[in-house]
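These notes concern the structure reproduced below.
Only this structure's heavy atoms are used, side chains among them; waters, hydrogens and symmetry mates stay out. Residue numbers start from 1 in every chain, and the chains themselves are labelled A, B, ... in the order their sequence lines are given, proteins ahead of strands. Since the model is a prediction, treat every value here as computed from it, not as a measurement.
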Amino acid sequence: MYEFQPTQRQSQAIEFLRYFSESEVRPVALEAERRAAWPESLLLELRRRGIAISQVPREYAGIESANVSAFDDASGGESQAHRGACLAAEELAWGDASVLASVPGPGLGGAVLERMGTRWQLERFFSPFRERTPRWAACALTEGGAADDIAAIRTRCVQQGDDWQLDGVKRYVSNGARASWTVVFATQDAAQGLAGLRAFVVEQGTPGLRIARKEPTLGLRAWETTEIALESCVVSGENLLGGEPFYADPSNVADALAALDATRPMLGATAIGVGRAALERAIDHIRHAFLRGTTSSLHTSLAEHLARARRRLDAARLLCWRASWAADLGDSNARDAAMCRLEAPRAALEATRAAIEVAGAVGLESDGFLEKWLRDLLTFEVVAGPAAAQQRALARILLGSDSA
Amino acid sequence: MISFRPPPAEAQLLKTLGEFSRDELRPLARGAERDGLVPRVLRKTATMLGIPALGLPRLAGGAGHPLGTLARCAETLAWGDPWLCLAVPGLDPATRVLASLVDAGVAMARTLAERQITDPTAGTALALFDAPEEPLVVDESRGALRLSGCKRHVLRAATATSAIVLGRDDSGAPVLVLVPTLDETFSAEIRPRGAGNALDGGRLEMAGFLPEDAHVAMRSDAALGLLGDALRQQQVLTAATQVGLAQAALDYTGSRAGALSAFGRTLKAEPAAAVALVDAHTALEAARLAVWRAAAAFDAELDGCEALADAAFATACEAATRATDLGLALLGPAAATTDHPLEKWSRDTRALALLGATASICDHGAAAGLLGASSFRHDLLDHILGGDAPQPFWT
């Protein structure tokens with residue numbers, strides 16, 4: 001059946017996160033942006049409640065850290081991990097867009113490890129997350145030139161006996177500076193495209209792994225994104241994800257990368273949360289004017305503008321929900337994931353711009369949130385992948401492989 | 001739970017309707033528009049497939065489908081042709097009102113519904129809008145119902161076999177009258193339109209005593225309330241029709257874009273064209289989900305379903321206009337000729353956007369809701385009956 005209501009358990013979790021966002025996240029958001037870091041206590045509280053980009057698989061999580069997110073309501077007989085993550089992401093992003101990505105956990109690196117790793121690798125690299133000490137993992141895919149074209153990356157890997165030497169530069173790596181390990185994609189031969197790709201787990205402190213810099217971004221400044229350099233970085237063959245047989249069939253790599261599609265709905269929902277926050281500010285502002293009796297036809301025009309922005313945002317939310325539903329079922333959600341990733345930030349930007357218009361000059365003051373949210377959404381494409389990448393992917397899916 | 005799993009029996013239903021849409025509706029669409037009526041063979045086939053029963057309750061022998069399933073049926077049929085989708089009884093406004101009257105226990109409505117299911121020639125006109133110079137008056141003073149006046153924008157004015165008429169009684173209160181058999185009391189003047197002529201429509205003049213089996217189904221606020229609910233549900237179905245039309249336009253444009261070449265490559269290999277198509281597909285998908293959500297809200301009888309219907313309708317109209325405009329822009333002047341379906345669809349989508357509340361009214365109502373002002377939709381229905389025009393909510 002088509003249903004559009006969260007479960008009761010999810011609704012309760014939403015209520016909690018709304019309270020948490022309003023009382024814990026929002027009050028420190030501007031300071032977190034200035035410091036480019038969130039208070040550790042806040043992040044640990046979210047981790048304790050199982051709110052994170054990805055979770056350690058239960059069989060490797062250990063008893064103490066086997067947090068089950070309240071949003072992953074399996075009472076209906078099926079996992080709702082991705083739907084739950086979507087709901088949580090929106091509520092947290094309402095407080096601030098960068099907080100979810102900062103929560104300790106395996107992150108995107110964990111999602112890739114789970115798809116590609118051998119049992120031994122899963123045990124080895126997930127086990128540190130059983131400890132109380134907060135830990136992060138990262139995924140280094142994007143490069144300055146290749147951007148979203150995975151098959152065209154330039155970071156080289158050369159086999160040397162049982163080991164591999166990596167050389168190259170990766171950019172926009174979330175939590176790259178504090179990650180305990182980072183999944184790095186490199187190529188044996190760029191001319192081979194996907195067939196030449198290899199993925200390695202590079203542990204923190206490996207000689208040759210250098211944190212070049214933390215990227216100074218327009219917005220989302222509390223979302224740590226780093227540039228990392230691999231300079232004759234030698235890793236053991238045991239760190240080649242999946243082992244060499246995994247790469248005999250290039251489609252294995254493509255399927256594994258599809259794991260990233262499962263996280264796109266959450267990113268889309270993050271944008272929705274910001275857009276919703278902006279709209280609510282503007283609606284509040286204009287409603288006060290209406291109740292004071294100072295409304296004119298101009299206000300009505302603005303209210304209609306906000307109404308249009310809100311319905312576009314609501315529709316974009318449904319795209320995120322459907323993509324996350326497909327991910328929960330284990331179905332390919334490439335089309336839906338690309339659509340939600342394309343539409344959600346745009347709808348959020350429209351909402352935020354409308355909100356700024358309504359708020360007038362107040363909207364652009366630096367001690368207000370509206371200008372921050374606009375910068376955050378504009379930066380979103382940097383850290384979450386450009387819209388053009390989604391358009392290209394969709395063109396191939398909808399129009400065929402010979403489309404532009 | 002958030003779920004997009006289709007109900008078990010729906011897949012086969014949509015498959016059957018899809019084949020009917022592709023093989024019967026689409027080929028006959030141009031001719032039906034030119035002739036201003038639904039081909040008889042089409043009505044027969046539609047009746048055999050059970051389309052007139054789709055939107056009717058089980059109590060009257062109908063399929064009893066929830067609004068969500070009806071919306072997806074409307075999408076599927078509209079892909080073939082949006083106006084034939086509405087011209088064949090089943091997913092049209094009159095059937096929606098009839099279904100509501102059956103659910104309300106009006107016996108004659110059940111009779112009309114049963115007739116619609118089995119008789120390919122049966123159809124009900126829905127006469128709501130007064131002609132300002134001759135508002136419809138319902139006279140019950142002489143022991144028999146007498147109607148005098150004129151209604152305009154009546155769909156199925158010439159071909160209907162029965163009618164649901166909204167008028168005012170002597171005291172000025174709204175009255176909903178069921179007329180099971182149309183006789184010489186009624187005379188129709190068809191007004192050709194820029195689109196949608198397959199669903200004939202125009203003025204319906206009424207002068208005289210009604211047949212004995214005609215009677216008042218509902219009065220006053222009950223009548224307006226029932227009509228309001230039914231028309232809101234129909235708004236969701238019209239939105240679904242827009243989605244089906246938009247899908248047809250994008251499918252056609254995408255396919256032609258792969259066949260047409262210029263400067264050494266196909267149209268869809270042009271990045272600008274591909275990006276525009278992708279964006280239009282994405283907007284359509286968002287509109288589709290908004291329609292499904294509105295329908296699900298009605299089925300679950302949730303608060304706020306009227307606002308969801310408004311939003312879905314406005315979003316679907318925008319997506320459909322975007323899709324047809326894009327098709328015309330990409331495929332060039334040739335697409336604007338009657339050799340291609342796009343020129344028809346571009347007219348159709350604009351006409352459909354005027355069916356019921358327009359997208360502008362929907363946004364205006366949403367704006368009122370944002371500000372906490374009361375909705376003027378009830379006033380709008382009253383205005384249909386010749387009452388004062390609703391005042392802007394900010395005055």
Side-chain angles (χ1 to χ4, degrees), chain A residues 1-7 10 73 75-76 78 80 83 86-87 283 286-287 289-291 295-297 299-308 310-312 314-319 321-322 324-326 329 335-336 338-340 342-343 347 388 390-392 394-395 398-400 402-404, chain B residues 1-7 66 68-69 72 250 254 257-258 265-266 268-275 277-279 281-283 285-290 292-293 295-297 299-300 302 307-308 310-312 314-315 318-319 360 362-373 392-394:
Chain A
M1 293 298 291
Y2 292 94
E3 293 179 55
F4 298 87
Q5 298 294 311
T7 63
Q10 286 169 340
D73 184 354
S75 58
E78 59 189 47
Q80 296 195 49
R83 277 168 280 183
C86 216
L87 294 169
I283 290 169
I286 205 170
R287 192 176 283 180
F290 180 72
L291 291 175
T295 322
S296 66
S297 57
H299 283 98
T300 331
S301 168
L302 291 173
E304 288 188 20
H305 193 177
L306 292 177
R308 280 193 292 276
R310 187 170 73 173
R311 63 175 165 79
R312 185 178 179 186
D314 288 346
R317 179 185 293 114
L318 296 176
L319 286 174
W321 285 4
R322 187 163 74 174
S324 63
W325 169 78
L329 263 55
R335 186 196 76 150
D336 292 339
M339 279 188 173
C340 79
L342 182 63
E343 177 63 7
Q390 314 308 321
Q391 286 170 323
R392 273 195 289 276
L394 273 171
L398 295 170
L399 305 175
D402 58 337
S403 65
Chain B
M1 179 165 74
I2 294 167
S3 171
F4 295 84
R5 194 187 307 276
T69 300
R72 286 180 281 280
L250 287 179
R265 53 184 178 180
T266 63
K268 70 176 181 180
E270 289 289 343
V275 162
L277 281 167
V278 156
D279 285 350
H281 271 284
T282 303
E285 209 54 43
R288 173 178 281 123
L289 295 183
W292 291 1
R293 181 179 191 175
D299 289 333
L302 298 176
L308 288 177
D310 278 349
T315 306
E318 277 176 3
S360 302
C362 291
D363 278 336
H364 190 69
L370 276 187
L371 298 177
F393 63 81
W394 66 85

- Message: Quick one, A:Gln5 and B:Met1 - any side-chain contact, counting heavy atoms below 4.5 Å?
- Response: no
- Test item: A:Met1 and B:Arg5 side chains (from C-beta on) under 4.5 Å apart, heavy atoms: no
- Task: Measure distances from A:Leu306 to the heavy atoms of chain B and classify the residue's part below 4.5 Å as side chain, backbone, both or neither.
- Result: both
- Message: Using a strict threshold of under 4.0 Å (side-chain N to carboxylate O), is an ion pair present between A:Arg335 and B:Glu285?
- Response: yes
- Task: Select one option (side chain, backbone, both, neither) describing which atoms of B:Leu302 are under 4.5 Å from chain A's heavy atoms.
- Result: side chain
- Message: Would you say that A:Arg311 contacts B:Asp363 through its side chain, given a criterion of any heavy-atom pair below 4.5 Å between the two side chains?
- Response: yes
- Item | Point-to-point distance, once rounded to the nearest 0.5 Å, from CZ of B:Arg288 to CG of A:Leu319 | 10.5 Å
- Looking at side-chain heavy atoms only, is the closest gap between A:Thr7 and B:Ile2 below 4.5 Å? no
- Measure the shortest side-chain to side-chain distance between A:Arg312 and B:Glu318 over non-hydrogen atoms and say whether it is less than 4.5 angstrom. no
- Determine whether A:Leu398 and B:Leu277 make a side-chain contact, defined as any pair of heavy atoms from C-beta on separated by less than 4.5 Å. no
- Contact class of A:Leu394 relative to chain B, heavy atoms under 4.5 angstrom: both
- Item | Portion of A:Trp325 that has a non-hydrogen atom of chain B nearer than 4.5 angstrom | side chain
- Query: Taking B:Ser3 for the side chain and A:Glu3 for the main chain, is one N or O donor matched with an acceptor at less than 3.5 Å?
  - Reply: no
- Query: Looking at B:Asp279, B:Leu250, B:Asp299, B:Val275, which makes the most heavy-atom pairs under 4.5 Å with chain A?
  - Reply: B:Asp279
- Take A:Asp314 and B:Arg293, measure what salt bridge (Lys or Arg N to Asp or Glu O under 4.0 Å) needs, and give me the verdict at the end. CA-CA 10 Å; A:Asp314 288 346; B:Arg293 181 179 191 175; 5.9 Å; no
- Task: Mark yes or no for whether A:Arg322, through its side chain, and B:Phe4, through its backbone, hold a donor-acceptor pair below 3.5 Å.
- Result: no
- Message: I need the residue from B:Pro6, B:Gly68, B:Ala296, B:Ala290 with the largest number of non-hydrogen atom pairs under 4.5 Å to chain A.
- Response: B:Pro6
- Part of A:Arg310 within contact of chain B (heavy atom distance under 4.5 Å): side chain
